[in-house]
There are 2 protein chains.
Amino acid sequence: MSYQNTNLIKICLVEDDNIIREGFVMLLNENQGFKVVSAYNNCEDFLKNVQNDKPNVVLMDIELPGMNGIEGIERAKKIYPHAQIIVVTVYENDDLVFKALCAGAGGYLTKNMPSQRLVEAIREIMSGGAPMSTNIARLVVASFQKNHNSPLSSRETEVLELLSRGKSYSNIAEGLFIDKETVRTHIKNIYWKLEVHSKAEAIEKAMKEKLI
Amino acid sequence: MSYQNTNLIKICLVEDDNIIREGFVMLLNENQGFKVVSAYNNCEDFLKNVQNDKPNVVLMDIELPGMNGIEGIERAKKIYPHAQIIVVTVYENDDLVFKALCAGAGGYLTKNMPSQRLVEAIREIMSGGAPMSTNIARLVVASFQKNHNSPLSSRETEVLELLSRGKSYSNIAEGLFIDKETVRTHIKNIYWKLEVHSKAEAIEKAMKEKLI
DNA sequence: TTTAAATACACCCAAATTGGGTGAGATTCG
DNA sequence: CGAATCTCACCCAATTTGGGTGTATTTAAA
């Protein structure tokens, strides 16, 4: 008696490990209101069918044969932007987390979680949240914070900040109500401290070390 | 018999509403392992004492008489970086969230939560997490994602991306294995599409509209 | 299949920007 | 006090930038 399919949360899985995938299918289908509509072991097959499957939530692995999960997220978001994608992976690599989020993931779980967390996460993302493992959340929040051991003075940081927004020396001078020559001095000192010789290098190093 | 003070989580409150503040004190002190070491109704007093209080966790309001919470977080992090600061506020404003995180907040809760969530949040941040209300987490994750309705082509986006990293036309040309003149053409088209006439304007608009 | 968009390249020109050098007065903070 | 920071000045040459106009090939949509 499934006379309320409209309220079902339709779930799609992309996971190459058969044991894990089948485990997830069983776990999720046990839950009231969940329906696993499809399960793939690679991105290519998933992408072919996502428009027909019309999932509300996709649980996606990153390490996959063929196309990787990041690429998969990007493409899926293009052809069916409606789906909320949660990454489920063993990788806790910083880079991968941010790449996944930039690609369009709405959540990120590491596989060392109690399986019940998966169920919560799906409810969470459907009610406007962004489920993340604790360590992932910390990574994400930390990405907003600046390096406390910056070699740059606060004025220099201010100048570099504006430089990184594409402003010219004159622009910066106007913005800070100082002379263009003073800006030049600050920039010379910034270059000396960061051991670089150009705008691009300075910005690159500053971004990398979270000075701005 | 408190012969294990070292394992106690020391909590400090900064909240100007007396009712709420006293409520939090009682709620938290009821919990095993929690100890509210101090409670202030403004940032100034908090900052004077934070070094003596040595809190593990600070629950901080944003809207405060005198110095606001953002400024308070920044200063507290400078004089006592060890403390984990969780913002507890009614404001859900995008800007405020990111300012708080940039200033050094390690968590962000909105006041429309069950009070038990506060207890969980403190345990969460002490075990390496970053507690956030569902809607805040969504905001944070969404901040990594790009605008899907960009007027720019993918190549143009690529060029603007590199431009925003301070690269010169020649740098960009090298990086993309195309001629400098081609880069110039792309940039002219970018300026036309974004209705701007300079690098700085283009980057500003692109950032604002999340095109890069 | 015709059209429009995207991608790539070329040459002209003048103004602005950038990076490097050197020096120097004022202020602030430990 | 002294080191660091912040401010401004002048010299110089190479590079960059923004605007103009024109062309050709490829790709995607109508």
Side-chain angles (χ1 to χ4, degrees), chain A residues 47 51 74-75 78-79 146-206 211-212, chain B residues 47 51 74-75 78-81 146-206 211-212:
Chain A
L47 290 170
Q51 257 173 336
E74 254 171 38
R75 302 214 186 184
K78 276 186 188 158
I79 55 184
K146 291 177 188 167
N147 185 343
H148 279 261
N149 296 330
S150 173
L152 304 182
S153 73
S154 63
R155 196 54 154 177
E156 286 162 353
T157 305
E158 216 169 351
V159 169
L160 189 51
E161 170 75 36
L162 292 171
L163 197 66
S164 82
R165 292 196 213 148
K167 309 264 189 189
S168 70
Y169 293 7
S170 335
N171 290 159
I172 297 173
E174 284 173 45
L176 298 180
F177 305 106
I178 54 179
D179 196 277
K180 192 194 296 188
E181 283 303 315
T182 306
V183 174
R184 275 168 51 64
T185 304
H186 283 309
I187 290 179
K188 283 172 197 168
N189 291 332
I190 292 169
Y191 287 3
W192 182 79
K193 287 186 181 178
L194 300 186
E195 299 172 285
V196 298
H197 300 281
S198 73
K199 204 196 326 182
E201 287 176 307
I203 294 174
E204 191 187 0
K205 189 152 189 175
L211 308 180
I212 52 172
Chain B
L47 290 171
Q51 257 172 337
E74 255 172 39
R75 302 214 185 184
K78 277 187 187 158
I79 55 186
Y80 193 67
K146 290 179 190 165
N147 186 342
H148 279 261
N149 295 331
S150 174
L152 305 182
S153 73
S154 64
R155 196 55 153 176
E156 285 161 355
T157 305
E158 216 169 351
V159 170
L160 189 51
E161 171 75 36
L162 292 171
L163 197 65
S164 82
R165 291 197 213 149
K167 308 264 189 191
S168 70
Y169 293 7
S170 333
N171 289 159
I172 298 173
E174 283 173 45
L176 299 179
F177 305 105
I178 55 180
D179 196 277
K180 192 195 297 189
E181 284 303 315
T182 306
V183 174
R184 278 169 47 64
T185 305
H186 284 309
I187 289 179
K188 284 172 197 167
N189 291 331
I190 292 169
Y191 287 2
W192 183 78
K193 287 185 180 179
L194 299 186
E195 300 172 282
V196 298
H197 301 281
S198 74
K199 205 197 323 183
E201 289 176 305
I203 293 172
E204 191 187 359
K205 188 150 189 176
L211 309 179
I212 50 173

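Everything numeric here is computed off the predicted structure, so don't read it as measured data. Below, chain A is the first sequence line, B the second, and so on; all start at residue 1. Only this structure's heavy atoms are used, side chains among them; waters, hydrogens and symmetry mates stay out.
- Residues B:R155 and B:I178 have side chains in contact (heavy-atom distance under 4.5 Å, counting atoms from C-beta outward).
- In terms of polar N and O atoms assigned as donor or acceptor, the side chain of B:K199 never comes within less than 3.5 Å of the base of D:dG18 in a complementary pairing.
- The interatomic distance linking B:L163 (CG) with C:dT17 (C1') rounds to 14 Å, in whole Å.
- To the nearest 0.5 Å, the span separating NZ on B:K193 from OG on B:S150 amounts to 7.5 Å.
- Nearest to the side-chain atoms of A:Y191 among the listed nucleotides C:dG19, C:dC9, C:dT17 stands C:dG19.
- Between A:V159 and A:I172, the closest heavy-atom pair is O-CD1, 4.0 Å.
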Intermediate values then yes/no, side-chain contact (heavy atoms from CB on, under 4.5 Å), B:E201 and B:Y191: CA-CA 9 Å; B:E201 289 176 305; B:Y191 287 2; over 6 Å; no
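- Between the P atom of C:dG21 and the CG atom of A:N189 lies a distance of 12 Å, rounded to the nearest Å.
- Rounded to whole angstrom, the span from the CG atom of B:L152 across to the P atom of C:dT7 amounts to 10 Å.
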From CA spacing to verdict: side-chain contact (heavy atoms from CB on, under 4.5 Å), B:L211, B:K146: CA-CA 6 Å; B:L211 309 179; B:K146 290 179 190 165; over 6 Å; no
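- Residue A:R184 has its side chain nearest to C:dG20 when only D:dT7, C:dG20, C:dA8 are considered.
- In the set C:dC9, D:dC8, D:dT16, the nucleotide with an atom closest to the side chain of B:K180 is D:dT16.
- The listed nucleotides are C:dA8, C:dA6, C:dG21; the one nearest the side chain of A:K188 is C:dG21.
- Phosphate proximity of D:dT15 to B:Y169: absent, as no side-chain N or O sits under 4.0 Å from OP1 or OP2.
- Between the side chain of A:E156 and the base of D:dC6 there is no donor-acceptor pair of N/O atoms closer than 3.5 Å.
- A straight line from CG of B:N171 to P of C:dT18 spans 13 Å, rounded to a whole angstrom.
- Remark: A:H186 is not in phosphate contact with D:dT5, judged by side-chain N or O atoms under 4.0 Å from OP1 or OP2.
- Backbone-only contact: A:H197 has heavy atoms under 4.0 Å from sugar-phosphate atoms and none from a base.
- Judged by closest nucleotide on DNA chain C, B:P151 is the one of B:P151 and B:F177 placed further toward the 5' end.
- Look at CD on B:E174: it is 13 Å from P on D:dT15, rounded to the nearest Å.
- Looking at heavy-atom distances under 4.0 Å, A:T182 makes contact with a base.
- Listed candidates were D:dT17, C:dC9, C:dT17. Nearest to the side chain of B:S168 is D:dT17.
- Counting to the nearest Å, the C1' atom of C:dG25 and the CG atom of A:D179 are 14 Å from each other.
- Residue A:I190 contributes atom CD1, which lies 11 Å from atom P of C:dG19 at whole-angstrom precision.
- Using a 4.0 Å cut-off, no side-chain N or O of B:S170 falls inside it from OP1 or OP2 of D:dT17.
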Derivation of the side-chain hydrogen bond (donor to acceptor under 3.5 Å, both in side chains) call for B:T182 and B:D179: CA-CA 5 Å; B:T182 306; B:D179 196 277; 5.1 Å; no
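- Across all strands, B:T185 comes closer than 4.0 Å to base atoms (heavy-atom distances).
- Put simply, CD1 on A:I187 is 14 Å from P on D:dC6, counting in whole angstrom units.
- Closest to the A:E181 side chain, of the nucleotides D:dT7, C:dC11, D:dA9, is D:dA9.
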